[in-house]
Amino acid sequence: MELFGSHFRGHKNASTNRPSPEPGSGEFALTTLVQPVTKKLSVSAILFGILAGIIGIAAGLFLGFALGAALAAAFHVSTFEGEAGYFAAAIALLVTCIVAPGLILLALYWRGTRGLWLFTGLIAVCLSLGLIAVSGFGIWYAGQPHVLNINGPTPLLEFEVKPPAGQSVENLADVQPELDTPRNRMPMPGYWHTEAAENPGVRAGYVELYFRTSQRLFVLKFPGDTDRIFRLKLPANPMRAKYRAWSNWQNPDFVAKGGEQPSHPSGRNEYQIRYKMDYQDR
């Protein structure tokens, strides 16, 4: 009996000596997902803020357009000249301006950012998103074809070719002129005029300038012989009055045979070209 009584008393004392739960231990599960509070803005917080901003912009536009369409139907907004579409777009922008900053602040708070650092982080994330948008637009714009004359006929480059001294224009009978640019997938073929040139010692022709670029190579392709390559001294947009006048005579910048690397011409007695723009005023 004594043994059982001592055991019972020991068990009772052990239960009374058991430590009580610490205050706030019930909130531990709620705070495990929030990062420790920091006194500065971390790079990881900005990166998570940028990701949250992108998600917020996409979600805001989607929800905003859906809400705008519903409100346009509820308020019977006219569809004449796209009024309902403009209304839905305005609602979408308004919703995006609320959702995106909210998600950014939530992401920064989740990463432990507090106080004034929250607003500093919001500004830093918004500037980063703006920089990303500008960079993306620049990359997209650089990849566009950049047509030289969108609302009119394709401008023409009129050219004349003068053979070296002692050679006849008849040597150009089988020569094919062409224009090569980074914008063209294939070289643009040139065409010889069928009528006689004003100067009997030259042969005249033309080639289309379709794209806006400052890197243009005019090539005279001699069958079975050395090609002559001229770098045209024209800006990306040569549709100005001064380029309607004939340029000076220009020697080739490079010569090349089929399958060989271009090189600088060694002699001075070479084929020469001059050119001018021909286009209709906008």
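Remember, it's a predicted structure, so these values are computed and weren't measured experimentally.
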Has [X] got a side-chain atom pairing as donor or acceptor with [Y]'s backbone, closer than 3.5 angstrom?
X: Gln272; Y: Asn248; value: no
X: Arg244; Y: Tyr279; value: yes
X: Arg111; Y: Ser42; value: no
X: Thr79; Y: Ala84; value: no
X: Trp192; Y: Val175; value: yes

[X] with [Y], same ILVMFWY side-chain cluster at under 4.5 Å:
X: Leu122; Y: Ile46; value: yes
X: Phe230; Y: Val219; value: no
X: Leu51; Y: Leu108; value: no
X: Ile132; Y: Trp140; value: no
X: Leu103; Y: Trp117; value: no

Looking at [Y], I'd like to know if the NZ or CZ of [X] sits under 6.0 Å from its six-membered ring centre while staying within 45 degrees of the ring's axis.
X: Arg114; Y: Tyr109; answer: yes
X: Arg216; Y: Phe211; answer: no
X: Arg228; Y: Phe222; answer: yes

Validation row: [X], [Y] side chains within 4.5 angstrom (heavy atoms):
X: Ile273; Y: Phe218; value: yes
X: Tyr275; Y: Leu234; value: yes
X: Lys233; Y: Ser247; value: no
X: Asn171; Y: Pro163; value: no
X: Lys162; Y: Asn199; value: no
X: Pro265; Y: Asn251; value: no
X: Tyr191; Y: Leu156; value: no
X: Leu129; Y: Ile50; value: yes

Closest heavy-atom contact between [X] and [Y]?
X: Pro252; Y: Glu270; result: CD-CB, 3.9 Å
X: Pro262; Y: Phe254; result: CB-CB, 4.0 Å
X: Pro177; Y: Leu220; result: CB-CD2, 4.1 Å
X: Met277; Y: Pro155; result: CE-CB, 3.8 Å
X: Gly53; Y: Ala100; result: O-CB, 4.3 Å
X: Ala124; Y: Leu41; result: CB-CD2, 4.5 Å

Spacing of [X] atom [atom1] and [Y] atom [atom2] [to the nearest 0.5 Å]:
X: Cys126; Y: Leu131; atom1: SG; atom2: CG; answer: 13.0 Å
X: Glu160; Y: Arg203; atom1: CD; atom2: CZ; answer: 12.5 Å
X: Thr154; Y: Glu208; atom1: OG1; atom2: CD; answer: 5.0 Å
X: Leu61; Y: Thr96; atom1: CG; atom2: OG1; answer: 3.5 Å
X: Gln215; Y: Asp180; atom1: CD; atom2: CG; answer: 10.5 Å
X: Ile57; Y: Cys97; atom1: CD1; atom2: SG; answer: 9.0 Å

* So which of Leu148, Thr181, Val147 actually passes side-chain contact (heavy atoms from CB on, under 4.5 Å) with Arg212? ->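 Only one of Leu148, Thr181, Val147 forms a side-chain contact (heavy atoms from CB on, under 4.5 Å) with Arg212, namely Leu148.
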* With Leu217, which of Asp253, Ile229, Leu179 fulfils side-chain contact (heavy atoms from CB on, under 4.5 Å)? -> Ile229
* Should the pair Glu158-Lys276 be classified as a salt bridge under the 4.0 Å nitrogen-to-oxygen rule? ->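 No, no charged N to carboxylate O under 4.0 Å.
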* Heavy-atom neighbours of Asn269 CG exceed 12 at 6.0 Å ->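 Yes, the 6.0 Å shell around CG holds more than 12 heavy atoms from other groups.
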* **Over 12 foreign heavy atoms within 6.0 Å of CD, Gln261** => no
* To do: Decide yes or no on side chain to side chain contact (heavy atoms under 4.5 Å, CB included) for Tyr210 and Arg183, but give the supporting numbers first.
  => CA-CA 9 Å; Tyr210 191 72; Arg183 300 291 183 186; over 6 Å; no
* To do: Please work out which of the three classes, parallel, tilted or perpendicular, describes the rings of Tyr141 and Phe137, given edges at 30° and 60°.
  =>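 Judged by the thresholds at 30° and 60°, the geometry between Phe137 and Tyr141 is parallel.
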